[in-house]
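Each remark here refers to the structure printed beneath this line.
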Amino acid sequence: MNETWGNDGMFDTALSMNPTMLLYDDNGNYYQPSSPTGARNPVAELKDIDNNGQRMYVLGTAEAKLNILTSEKHMLNTSISYSLHYNDLKQQYFTPSTSGESYWNGYKGRAEVTYQKWYTQHLEWLANYALTLDDHSIKAVAGYTYENSRWERLQASNNDFAYDNIKWHDLGSGSFLNAGKASMGTGQSVAKLIGTFGRINYNWKNLLMASASIRYEGSTKFGKDHKWGAFPSASIAWEVANMGFMKGASDIVKSLKPRISYGVTGRSDFDSYLSLATYSTKGSYFMDGEWVKGYVPSVNVNPELGWEKSIGTNVGIDFVLWNRLRGSVDWFDRQSKDLLYNYTAPQPPFVYSNILVNVGTTQNRGVEVSVEGDIFKGTKVEWTSGINYSYGTTKLKVLSNTMYQASYVELYQKPGVGTSEYFFRVQEGGKVGQFYGYEYAGVEDGKMMVYTDEGEKVPVTEADAKYKRYIGNGTPTSYLSWNNTLRYKNFDLNVFFRGAFGFDIFNMRKYGMGLQGCGTDNVLRDAYLKDKDIVTGGGVISSFFLEKGDYFKLENVTLGYNFTPKSNNILEGMRVFVPAKNLFTLTGYSGNDPSIVSVNGLTPGVDTNSAYPVATQLSLGVTLRFK
């Protein structure tokens, strides 16, 4: 059985603008294009549409602490804290009768008011105990947490107003209300999370350090028999530098600490009520002489919904040499088990095409190396430089469970009406993030050619779906960052680079506007220059639209100067600094800055054709330190 998974993100289908379109008509008003369908004047959209809102945040915390026992060997205290996070948002929207939306939909303006609020209450109780006995040190903590999150929403919308200047201030005056076509809605969502936990740390002579913990949590979001989960962790480390046989090397080796750790965490960050049978209104039905509102299931219910568990194992070593060179080397194995994902549900028996289920296990394995050193130390100019490098791959270890069986899954459906292609296919045991499509084989007589499964060339318009293959991967295999800090007298300079390597990007801008005839508006210059020979072949997922996404960029530069004021009773110090961001990116990719393309998750490396270019930012800041 083959299944498909839909894309869980949003794809921006904004139209490209015809650069020859008029801004104003002969009367000096904004020009409204009559073709293609849905075309709008972008200047009029920016000037005339009123889309604003007011947001208020309230963050509050109260805490109390009681010291129960304090002695030379023992310490016992307890504390309780309560915090409230409140977020209140009111939004107003109005588009006038002269707007493109009104033109294409045949009404005189639209107004909408939406009010939402989110608030989370968090209560935590802790008990801490410490024991020092000769060469042994024990620290323990136990606690309880309670979290209650609530969301509420009120929305109303009406259309077709007599006057534009009223906007949303007289929402009931629109004609859609009397015609029964105005909209109104309310909503509420509540979720509770309860947890108990304990942790103990042990230290012997600063030679052996061990830690163990367990957390038992329950969430109202999960099914009746799956609400609770246990999440243990443990670690142990050995400080070799403090052993007797290392005394002869103490001037060189300041720290040498091999370590190993294992831990499990749970995930519950999804909408409430997906494990319950809920209903929503849909349509009205004439029964017994009157119209009765109908109700339908809101989602595909899944009473078996449970915790997704992230299981991590890490083996590494930390070191400090000559008090100038610091670093670590790690091997990691991270697995996501009982993966939460929107699976394509068969219809029937399910009502809707998607259902959130626990199915599958992914595994990410690799190494990470971090090295930092004081290149110049104790000199007029001091320079500290650090490099972090990681390499890893992610595989889908398990795909099916007892309820859902599949030989492969297809992810992220290509945008467009009636499309049936997906960007990704993942098979059990295969790598995550693999693009699946046709292999580009050049151009013949204006036709884009692709390879068959036997290595022959055929026009893409005649290609069979069985010719598709894995054509690239959107997940980087390597990440690199390089941080530098220099100091001279009162000046300091920080320079930070980062990069990603070993991955591909599907260029959606090239796909949507890169070939002749691929759109009704504007196209890229390359369509009539570099790719002028390609007449057919757009609209199909092929390696022609894939490019290497490798990049290395200067992310941030900050220059600062520290002032030491003369003796006073107010100001202790002041720092003036100038940060600059996104200075340049070295890459061979022809689309957007590749650093803004999402490369995480199950559907990585798909660019968008409507993203704004990354801007270089330069600002000025002042930090004051008061006495």
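As a basis for the values below, the full set of heavy atoms in this structure was taken, side chains included, without hydrogen atoms, waters or symmetry mates. Predicted model only: the values in this text are computed from it and were never measured.
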Heavy-atom donor-acceptor pair, [X] side chain to [Y] backbone, under 3.5 Å:
{"X": "N158", "Y": "L171", "result": "yes"}
{"X": "N105", "Y": "E101", "result": "yes"}
{"X": "Q363", "Y": "S336", "result": "no"}
{"X": "D526", "Y": "L529", "result": "no"}
{"X": "K414", "Y": "G539", "result": "yes"}
{"X": "Q335", "Y": "I311", "result": "no"}
{"X": "W104", "Y": "A39", "result": "yes"}
{"X": "E428", "Y": "L399", "result": "yes"}
{"X": "D333", "Y": "R365", "result": "no"}

Of all heavy-atom pairs between [X] and [Y], which one has the smallest distance, and what is that distance?
{"X": "L340", "Y": "G306", "answer": "CD2-O, 3.8 Å"}
{"X": "S102", "Y": "G109", "answer": "OG-N, 3.1 Å"}
{"X": "T278", "Y": "V299", "answer": "OG1-CG2, 4.2 Å"}
{"X": "S542", "Y": "I471", "answer": "C-CD1, 3.8 Å"}
{"X": "R153", "Y": "Q116", "answer": "CG-CG, 3.8 Å"}
{"X": "V351", "Y": "P297", "answer": "CG2-CG, 4.4 Å"}

Legend entry - Option passing side chain to side chain contact (heavy atoms under 4.5 Å, CB included) with K553 (candidates T587, L583, N582, L586):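 Exactly one option meets the side chain to side chain contact (heavy atoms under 4.5 Å, CB included) with K553, and it is N582.
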Inset, instruction - Scan T585, I596, N592 and name whichever one has a side chain to side chain contact (heavy atoms under 4.5 Å, CB included) with V614. - result: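 Single pass found, and it is I596.
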Interatomic spacing from [atom1] in [X] to [atom2] in [Y] - rounded to 0.5 Å:
{"X": "Q413", "Y": "F423", "atom1": "CD", "atom2": "CZ", "value": "10.0 Å"}
{"X": "L396", "Y": "Q434", "atom1": "CG", "atom2": "CD", "value": "10.5 Å"}
{"X": "E410", "Y": "Q427", "atom1": "CD", "atom2": "CD", "value": "10.0 Å"}

Inset, instruction - Please step through side chain to side chain contact (heavy atoms under 4.5 Å, CB included) for the pair Y479 and E368, ending with a clear verdict. - result: CA-CA 9 Å; Y479 292 91; E368 184 172 359; over 6 Å; no
Inset, instruction - Run the ring-centre check on Y511 versus F545 and record whether the distance is less than 6.0 Å. - result: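 So the answer is yes for these two rings.
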Heavy-atom count around [X] [atom1] within 6.0 Å, excluding the residue itself: above 12?
{"X": "W482", "atom1": "CH2", "result": "no"}
{"X": "D445", "atom1": "CG", "result": "no"}
{"X": "D269", "atom1": "CG", "result": "yes"}

Inset, instruction - Take Y389 and S478 through the test side chain to side chain donor-acceptor pair (under 3.5 Å) and record every step on the way to the result. - result: CA-CA 7 Å; Y389 172 79; S478 303; 2.9 Å; yes
Inset, instruction - In plain terms, say whether D338 and K309 are close enough for a salt bridge, that is, a side-chain N and a carboxylate O under 4.0 Å apart. - result: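 No, no charged N to carboxylate O under 4.0 Å.
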List the residues meeting ring pair (Phe, Tyr, Trp, His ring centres under 6.0 Å) with [X], not counting sequence neighbours, and say none if there are none.
{"X": "Y470", "value": "Y436"}
{"X": "Y352", "value": "none"}
{"X": "Y279", "value": "none"}
{"X": "Y528", "value": "none"}

Inset, instruction - Compute whether any side-chain donor of one residue and acceptor of the other, for N556 and T558, lie under 3.5 angstrom apart. - result: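 Yes - a donor-acceptor pair under 3.5 Å links their side chains.
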Inset, instruction - Would you kindly say whether T477 and Y391 are connected by a side-chain donor-acceptor distance under 3.5 Å? - result: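 Absent: no donor and acceptor within the cut-off.
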Inset, instruction - Would you check if Y31 and Y24 make a side-chain contact, meaning some heavy-atom pair closer than 4.5 Å? - result: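 With C-beta onward as the side chain, the pair stays apart.
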Inset, instruction - Side-chain contact test, heavy atoms from C-beta onward, threshold under 4.5 Å: evaluate it for K47 versus Y30 and give yes or no. - result: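 Yes, at least one pair of side-chain atoms sits under 4.5 Å.
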Legend entry - K282: partners by side chain to side chain contact (heavy atoms under 4.5 Å, CB included), with sequence neighbours left out: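 Per chain and number, K282 pairs via side chain to side chain contact (heavy atoms under 4.5 Å, CB included) with V296.
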Listed partners of [X] passing side chain to side chain donor-acceptor pair (under 3.5 Å), at least two apart:
{"X": "S97", "answer": "D164"}
{"X": "Y440", "answer": "none"}
{"X": "S175", "answer": "D160"}
{"X": "T362", "answer": "none"}

Inset, instruction - Begin with the C-alpha distance, continue with both residues' side-chain angles, and end with the deciding distance and a verdict on side chain to side chain contact (heavy atoms under 4.5 Å, CB included) for K431 and T394. - result: CA-CA 6 Å; K431 293 182 179 180; T394 302; over 6 Å; no
Inset, instruction - Could you tell me whether K181 sits above the aromatic face of F176, with NZ or CZ closer than 6.0 angstrom to the six-membered ring centre and within 45 degrees of the axis? - result: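 Pair K181/F176 counts as cation-pi.
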Legend entry - Cationic tip of K221 above F270 ring, under 6.0 Å, 45° of axis: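 The answer is yes, since K221 meets both limits relative to F270.
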Legend entry - Those residues that, when tested against D550, pass salt bridge (Lys or Arg N to Asp or Glu O under 4.0 Å) (two or more places apart):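 With neighbours one apart ignored, the set is empty.
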Inset, instruction - Applying side chain to side chain contact (heavy atoms under 4.5 Å, CB included), run through V357 and L305 and close with a yes or a no. - result: CA-CA 6 Å; V357 296; L305 199 62; 5.5 Å; no
Inset, instruction - Take N302 and N300 through the side chain to side chain donor-acceptor pair (under 3.5 Å) test and state the conclusion after the steps. - result: CA-CA 7 Å; N302 180 11; N300 289 328; over 6 Å; no
Please table the atom pairs, donor to acceptor, closer than 3.5 Å between any side-chain atom in residues 493-508 and protein atoms at least two apart or in another chain.
unit_1, atom_1, unit_2, atom_2, d
N494, ND2, N483, OD1, 3.2
N494, ND2, N484, O, 3.2
N494, ND2, T485, OG1, 3.1
R498, NE, E555, OE1, 2.9
R498, NH1, Y551, OH, 2.9
D504, OD2, N473, N, 2.9
N507, OD1, R509, N, 3.1
N507, OD1, K510, N, 3.0
N507, ND2, E547, OE2, 2.9
N507, ND2, S590, OG, 3.3

Inset, instruction - For side chain to side chain contact (heavy atoms under 4.5 Å, CB included), just list the numbers for V369 and N388, CA-CA rounded to whole Å, side-chain angles, deciding distance to a tenth of an Å, and then say yes or no. - result: CA-CA 6 Å; V369 179; N388 184 276; over 6 Å; no
Expected list for residues 453-469: side-chain donor-acceptor pairs under 3.5 angstrom, two or more places apart:
unit_1, atom_1, unit_2, atom_2, d
D464, OD1, K466, N, 2.9
K468, NZ, E421, OE2, 2.8
R469, NH2, T452, O, 2.7

